[in-house]
Amino acid sequence: MIIKDLAEFASKKFGQNFLKNDIYLHKIIQAMPNDDLKVAEIGPGLGDLTKELVKVRNVTAFEVDKRLCEHLTTEFEEPIKNGIFELRCGDVLERWESGSLLDEPYHLVANLPYYIATNIILKAFKDEQCQSILVMVQKEVAVKFAASVKQKEFSALSVLAASVGKATLCFEVEPEAFVPPPNVTSAVLLIEKNQSQDDEKFEAFLKIAFAQPRKKLSKNLMTVFSKDIVNQTFEKLELDSNLRPHEAGTSIYHHIYNELKDNLDGKQRAEQRKISKSRAKNTQR
C-alpha cells in the first residue's frame with residue numbers, strides 16, 4: 001500500500017497523529033524498563049515505533065484500522081515469519097473484555113489517540129499481566145496521572161496511578177513531531193506497576209471526591225454520603241474538615257473509601273450519575 005499524503009491518510013475517526021521524529025522514537029525505547037518481557041503495542045500506526053521495538057523485544061501489536069493492518073502485514077512480513085512480531089487486528093478493548101491483553105507478563109507501549117488514552121491506561125491498571133505502561137498522551141493527561149499530592153493537578157487519576165505503582169512524566173513532545181500535528185503538546189508517561197487496581201467502586205468513589213476540586217473534600221462526599229457518616233469518618237481518621245481534594249494523599253483516600261464503601265450502593269451511584277450529567281450540561285452551556 002502506497003501512502004501519498006500522510007496527513008490526508010490519517011483517520012480522524014481513530015484520532016491518528018503519526019509520530020515521525022526519530023529522536024523521540026529512540027527516547028521512548030530508552031525509557032522502557034530494562035528486562036526481556038514481551039511488549040504489547042496499541043495502535044502501531046505505520047510501524048515507525050514498532051520497527052524500533054522489534055529490534056529489542058518480542059512484540060504483539062493491536063491495530064483497529066484495517067488499512068493499517070494491511071500495511072503492517074506487508075511491512076513486517078519478515079518479523080512475523082521469524083516469530084518476533086504478531087499483529088492482531090481489531091478493537092483492543094474487546095480483547096480486554098475476555099481477560100488480560102497477553103497471557104504472560106508484558107510491558108504496554110503505545111502512542112495513544114487522545115480520545116481513548118485515559119480509558120486504555122485504566123484498563124491496563126486492571127490487567128495483572130501488565131507490568132508497566134509507557135504511553136504518549138496529551139500532556140494535560142500525563143500531568144494528571146503523574147501529579148503528587150498538594151499539587152493543583154493532583155486528581156482521581158493521580159490517586160489511581162499511585163495505587164498501582166509509580167508514575168513519571170518522562171518528556172514532552174511538540175506538535176511538529178507528528179503528521180498531522182495535533183493542536184496540543186504531547187508527553188510520554190511511564191507508570192511502573194507493583195500491583196493492579198480493579199475496583200470500580202473505588203473509581204466511583206474518587207469521582208465523587210474530586211467532583212468539584214475547589215470545594216472541601218467533605219462537601220464533595222456529602223453530595224452522596226450523609227453528613228453524619230462523612231463527619232464521623234473524618235473524626236475517626238483525624239482529618240481536617242477543611243481538607244481540599246488535592247491535599248489528601250493516596251493512602252488517605254483508601255482509608256476514607258474503606259470507611260464509606262459499604263454505603264456506596266446502587267442508589268448512591270445513580271445519584272452520582274445525575275450529578276455528573278448536570279455538570280456536563282452546565283459545561284456545554
Side-chain angles (χ1 to χ4, degrees), residues 3 6 16-65 68-90 92 95-96 100-113 116-117 120-121 123-125 127-137 139 142 145-146 161 164-174 177-179 186-196:
I3 304 173
L6 195 55
Q16 292 170 347
N17 300 93
F18 302 112
L19 180 62
K20 301 298 289 185
N21 185 302
D22 289 343
I23 293 175
Y24 291 121
L25 291 172
H26 293 146
K27 289 183 73 172
I28 292 173
I29 298 299
Q30 292 168 3
M32 291 172 58
N34 186 22
D35 57 33
D36 59 356
L37 292 184
K38 282 189 175 182
V39 163
E41 184 185 13
I42 295 176
L46 296 170
D48 294 274
L49 177 58
T50 315
K51 290 177 183 177
E52 301 302 321
L53 287 172
V54 295
K55 293 177 182 178
V56 295
R57 299 295 178 98
N58 190 306
V59 180
T60 299
F62 297 81
E63 178 57 61
V64 69
D65 190 335
L68 289 173
C69 283
E70 179 186 342
H71 166 76
L72 293 165
T73 300
T74 302
E75 188 75 14
F76 291 91
E77 182 178 3
E78 198 64 28
I80 291 173
K81 286 182 179 179
N82 294 336
I84 61 173
F85 179 66
E86 180 183 356
L87 178 63
R88 298 183 183 179
C89 298
V92 70
R95 168 66 184 182
W96 256 315
S100 295
L101 213 53
L102 299 183
D103 296 327
E104 61 185 278
Y106 71 91
H107 296 299
L108 174 61
V109 180
N111 174 18
L112 295 176
I116 200 173
I120 290 288
I121 294 171
K123 290 287 186 182
F125 282 177
D127 190 338
E128 293 184 357
Q129 298 288 15
C130 181
Q131 306 300 301
S132 76
I133 303 158
L134 181 64
V135 289
M136 178 95 70
V137 296
K139 178 186 173 183
F145 275 109
V164 302
K166 179 183 179 183
T168 305
L169 197 160
C170 300
F171 54 88
E172 297 180 16
V173 183
E174 70 276 5
F178 299 87
V179 179
S186 301
V188 169
L189 172 72
L190 173 64
I191 301 173
E192 298 170 281
K193 292 177 61 181
N194 52 40
Q195 62 182 353
S196 295

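For Asn58, the side-chain contact (heavy atoms from CB on, under 4.5 Å) partners two or more places apart in sequence, or in a different chain, are Lys38. Asp48 pairs by the salt bridge (Lys or Arg N to Asp or Glu O under 4.0 Å) definition with Lys20, not counting sequence neighbours. Considering only residues two or more places apart in sequence or on other chains, Ala187 meets the side-chain contact (heavy atoms from CB on, under 4.5 Å) condition with Lys139, Ala142, Leu169. With sequence neighbours excluded, the residues satisfying salt bridge (Lys or Arg N to Asp or Glu O under 4.0 Å) with Glu86 are Arg88. Under the side-chain contact (heavy atoms from CB on, under 4.5 Å) criterion, Asp35 pairs with Pro33, Leu37, Arg57, His107, sequence neighbours left out. Qualifying side-chain contact (heavy atoms from CB on, under 4.5 Å) partners for Lys51, counting only residues two or more places apart in sequence or in other chains: Glu75, Phe76.
Between Glu78 and Lys81 there is no salt bridge, since no side-chain N of the basic residue sits under 4.0 Å from a carboxylate O of the acidic one.
Summarising the local packing, CD of Glu128 is surrounded by 12 or fewer heavy atoms from other residues, nucleotides or ligands at distances under 6.0 Å.
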>> Does Tyr24 form a side-chain hydrogen bond (donor to acceptor under 3.5 Å, both in side chains) with Glu172? I'd like the steps, not just the answer.
In response: CA-CA 9 Å; Tyr24 291 121; Glu172 297 180 16; over 6 Å; no
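Partner of Leu49 under the side chain to side chain contact (heavy atoms under 4.5 Å, CB included) criterion, out of Val59, Val54, Ile29: Ile29 alone.
Glu41 contributes no side-chain N or O that, together with a main-chain N or O of Val39, makes up a donor-acceptor pair within less than 3.5 Å. Side chain of Lys166 to backbone of Ile191: no donor-acceptor contact under 3.5 angstrom is found.
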